[in-house]
Amino acid sequence: MAIVYLNGAFLPLEEARIPVLDRGFIFGDGVYEVIPVYDRRPFRLRHHLDRLQHSLDGIRLANPLGQSEWQTLIGRIVADAEWPDQGIYLQVTRGPAPRDHAFPKVVQPTVFIMATALTTPSAEIVDKGVAAITAADNRWLNCDLKTTSLLANVLLRQLAVDAGCAETILIRDGLLSEGSASNIFMVLDGVVLAPPKSNLILPGITYDVVLELAAAEGQPHAVRPITEAELRSADEVWLTSSTKEITAVVTLDGQAVGSGRPGPVFKRLYGAYQTFKQRVMRGRND
Ligand code: PDD
């Protein structure tokens, strides 16, 4: 039975309970992280904890734990889980309080950590890619915060599922922002392009890794605003996330992207990403 951490205790998932007045439940008043773990080694843990701090600062909630406390708790969940490859999900909410939009005077945050089995893209998905649709980005203007208020993302992702696709790629004011649960890259004339970090996209940890690998590989790349027209004329489109790693998007709104198959630049960066993961698993720096 999976052991989770909740507010100071380690207990079976089935026994973990929160009060119904928890502001995470009532208002979606909380933040979260998803951290991939390969062979029981958390990938880029410090970066995820730094982003958690950014999200907590953004919602004006004090971090209930220090970095080393987070590392210790996550280490114990990782060690006890049944799978070597895991996705660590952690969440901090503003805790239980009588229902009132304004912050409670005394905040008792809820802290929850669990591990799930990590399923990275199958060989078939790596080989064939996935389909995506586009939609207008109707989310709020603090998309750099990883908050549990995900209703817009949920509705946008469901559009993709309804269309038999893997992801919804979001366009705001004629520019690419990101996916409903991923960052988006494209390749145009041999150059990897990514939209700049701003309040309109989540600063993806995988996004950073992909840009670092592109630099290390001598792969031409640029971070700049990407127009919808450029996205539609891309030679390659990829999505990136902690669970999807790098996945090629081969159709966009039913139209083939480039050749309609994962492209050569994807293959190069996907290979570099796998090599990088192996290094992490062997305990080298991530
Ligand atoms: N989502 N953008 C959004 C909106 C996301 O939800 C995610 C990740 C990303 C990619 O970030 P990263 O590379 O740090 O995983 C970008 C996670 C996996 C989730 O909500 O399950």
Side-chain angles (χ1 to χ4, degrees), residues 24 28 30-38 42-55 58 74 85-93 112-121 125 130 132-161 166-172 175-186 192 194-214 223 226 237-247 249 269-270 273 276-277 280 286:
V31 299
Y32 77 106
E33 277 295 326
V34 178
I35 306 159
V37 173
Y38 300 112
F43 186 69
R44 296 244 150 163
L45 178 56
R46 189 176 52 76
H47 300 74
H48 281 277
L49 293 177
D50 286 349
R51 185 172 64 186
L52 174 67
Q53 186 64 54
H54 172 76
S55 299
I74 291 168
D85 292 352
Q86 304 163 25
I88 293 294
Y89 177 87
L90 66 85
Q91 175 171 332
V92 184
T93 79
F112 174 58
I113 312 174
M114 71 171 171
T116 55
L118 183 69
T119 33
T120 51
I125 283 180
V130 297
I133 58 169
T134 60
D137 192 345
N138 58 6
R139 300 173 302 161
W140 70 334
L141 297 176
N142 295 107
C143 297
D144 56 317
L145 306 179
K146 203 162 173 58
T147 75
T148 57
S149 313
L150 284 173
L151 188 52
N153 302 63
V154 164
L155 292 171
L156 289 162
R157 168 59 70 82
Q158 190 59 34
L159 294 178
V161 172
E167 182 56 302
T168 305
I169 297 180
L170 307 175
I171 311 283
R172 196 193 290 262
L175 297 176
L176 165 67
S177 45
E178 60 179 340
S180 71
S182 59
N183 290 111
I184 305 294
F185 287 72
M186 59 169 272
V192 173
K197 288 182 184 174
S198 74
N199 61 312
L200 301 180
I201 70 170
L202 187 80
I205 307 300
T206 322
Y207 166 108
D208 286 341
V209 173
V210 169
L211 287 174
E212 286 170 32
L213 291 176
V223 174
I226 295 170
V237 174
W238 319 329
L239 56 86
T240 68
S241 83
S242 293
T243 49
K244 299 288 189 304
E245 301 187 335
I246 315 178
T247 298
V249 173
L269 266 292
Y270 179 82
Y273 195 87
F276 189 68
K277 264 172 57 180
V280 173
D286 72 342

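In each ligand, atom 1 is the first atom listed, and ligand 1 is the first ligand listed. These numbers come from the heavy atoms of this one structure, side chains and all, not from hydrogens, waters or symmetry mates.
For Phe43 and Phe276, the gap between ring centers is short of 6.0 Å.
Close contacts between ligand 1 and Glu178 involve ligand atoms 2 (N), 3 (C), 4 (C), 16 (C) [criterion: under 4.0 Å to a heavy atom]. Interface atoms of ligand 1 facing Ser182, defined by a heavy-atom separation under 4.0 Å, are 2 (N), 3 (C), 5 (C), 7 (C), 9 (C), 16 (C). Against a heavy-atom cut-off of under 4.0 Å, Ser242 is close to the following atoms of ligand 1: 12 (P), 13 (O), 14 (O), 15 (O).
Of the N or O atoms in Ser241, none lie within a sub-3.5 Å distance of an N or O in ligand 1. Looking at Thr206 next to ligand 1, an N or O pair under 3.5 Å apart turns up. Between His48 and ligand 1, not a single N/O pair is under 3.5 Å apart. Backbone and side-chain nitrogen or oxygen atoms of Arg51 are examined, and one is located within less than 3.5 angstrom of a nitrogen or oxygen of ligand 1.
Residue, atom and distance of the protein heavy atom nearest to atom 6 (O) of ligand 1 are Ala181 CA, 3.4 Å. Here the protein heavy atom with the shortest distance to atom 10 (C) of ligand 1 is Asn183 OD1, 3.6 Å. In terms of protein heavy-atom proximity, atom 1 (N) of ligand 1 is closest to Lys146 NZ, 3.2 Å.
Classification of Glu245 and Lys277 as a salt-bridged pair holds, one side-chain N sitting under 4.0 Å from a carboxylate O.
Proximity of Ser180 to ligand 1 is established by a heavy-atom distance of less than 4.0 Å. Note on ligand 1: Tyr32 sits in its first shell, one or more heavy atoms being nearer than 4.0 Å.
Side-chain contact check for Ser180 versus Arg139: every heavy-atom pair is 4.5 Å or farther apart. Using a 4.5 Å heavy-atom threshold, the side chains of Arg46 and Asp50 count as touching. Put simply, the side chain of Val130 does not reach to within 4.5 Å of the side chain of Glu167, judged on heavy atoms.
Contacts with ligand 1 closer than 4.0 Å are made by side-chain heavy atoms of Val34 only, the backbone lying farther away. Contacts of Lys244 with ligand 1, taken as heavy-atom pairs under 4.0 Å, are absent altogether.
Of the listed residues (Ile226, Ile201, Thr134, Leu200), just one forms a side chain to side chain contact (heavy atoms under 4.5 Å, CB included) with Leu176, and that residue is Ile226. The side chain to side chain contact (heavy atoms under 4.5 Å, CB included) test with Tyr32 singles out one residue from Thr147, Val92, Leu150, Leu90, and that residue is Leu150.
The heavy-atom pair separating Ile246 from Leu269 by the smallest distance is CD1-O, 3.7 Å.
In this pair, Trp238 and Phe185 present their aromatic rings parallel. The plane angle is below 30°, not in the 30 to 60° band.
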